[in-house]
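Reviewing the structure listed below.
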Amino acid sequence: MSNKRSTGVPGGVPRKRIFIDAAPFFSLCLEHNLAERVLAMIKQLRVFILLSAVGLLTGCSQPDSDQESSSSKASSVTSSTSSQALTSHSGTNTLTLNRQADEQKVLLNQTWQFEQLAITSVKGELDDDQQMELEIGWRNLATSNQHFADLATVTVHQGDAELAMVERDDDFTDSVAPQADEDFEITYQLDNQTQPLKISIVPKKGTAKTLTVNLE
């Protein structure tokens, strides 16, 4: 009997065992997975940075918009206030003109001070032709010779209508020296003899002043 050990392979050839080193393969897989994770993180970081930048720009632009809106509102309020000031009846004084009176009546019992002139007196008289004659005294507060029309205007309203000026004397166009006084007469055609009159001095600089005159 032979002592040879059987190999289990026909022909008696010994079987060889093959060992494969899997370490490099697993290392490559790990590196691949790590690279994918890094790329994913970079993408997420880019998205985060982009969203942060958009949010920052939006936040920065919002105050400017609010400030502009506030500035616009402030400008609108200022404009509205100025408009109201020009038409406000500051210094309102209510008196009465009587058609039976034969002489002028003092309508302004104080001096109205403006930036470039002062109104020292306003007198009025009604006549039979449904007209009113005003005598206005004024002082030039400017530093050079001035005409009244260069510093202010006179308006007379009856109800919602502005009355037409039908006559004025030559003194209206006089050139008046600084701190000098002058007066002139102007005549207005009334719409009726019942509605009150509003006589306004509207300066080129400053706020208008108005007095109310009732008619009898």
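Side chains included, hydrogens not; waters and symmetry mates left out as well; all remaining heavy atoms used. For clarity, every value in this text was computed on a predicted model and none was experimentally measured.
Between the side chains of Lys198 and Thr212, at least one donor N or O lies within less than 3.5 Å of an accepting N or O.
In this structure, the side chain to side chain donor-acceptor pair (under 3.5 Å) partners of Glu133, at least two apart in sequence or on a different chain, are Gln104. Among residues two or more places apart in sequence or in another chain, the side chain to side chain contact (heavy atoms under 4.5 Å, CB included) test is passed with Asn192 by Gln158, Thr194, Gln195. Contacts of Ile49 classified as side chain to side chain contact (heavy atoms under 4.5 Å, CB included), with partners at least two apart in sequence or in another chain: Leu45. Scored by the side chain to side chain donor-acceptor pair (under 3.5 Å) test, Gln131 finds Gln189 as partners (sequence neighbours excluded). Contacts of Glu135 classified as side chain to side chain donor-acceptor pair (under 3.5 Å), with partners at least two apart in sequence or in another chain: none. In terms of the side chain to side chain contact (heavy atoms under 4.5 Å, CB included) criterion, residue partners of Ala180 (sequence neighbours excluded) are, by chain and number, Val176, Ala177.
Pairs of residues two or more places apart, or lying in two chains, never qualify as salt bridge (charged side-chain N to carboxylate O under 4.0 Å, His left out) while including a residue from residues 108-121. Applying the salt bridge (charged side-chain N to carboxylate O under 4.0 Å, His left out) test to every pair with at least one member in residues 158-168, sequence neighbours left out, gives no pairs at all. Among residues at least two apart or in separate chains, side-chain hydrogen bond (donor to acceptor under 3.5 Å, both in side chains) pairs with a member in residues 138-157 are Arg139-Asp181, Ser144-Gln146, His147-Asp150. Residue pairs meeting the salt bridge (charged side-chain N to carboxylate O under 4.0 Å, His left out) criterion with at least one member in residues 47-56, sequence neighbours excluded, do not occur. Counting only residues at least two apart or in different chains, salt bridge (charged side-chain N to carboxylate O under 4.0 Å, His left out) contacts with residues 171-180 are absent.
Proximity of a side-chain donor or acceptor of Lys204 to a complementary backbone N or O of Ala149 within less than 3.5 Å is detected.
Taking 4.5 Å as the limit, every side-chain heavy atom of Leu107 sits out of range of all side-chain heavy atoms of Lys123. Taking 4.5 Å as the limit, some side-chain heavy atom of Phe184 sits within range of a side-chain heavy atom of Ile136. Side-chain atoms of Leu197 and Leu163, non-hydrogen and from C-beta on, do get closer than 4.5 Å to each other.
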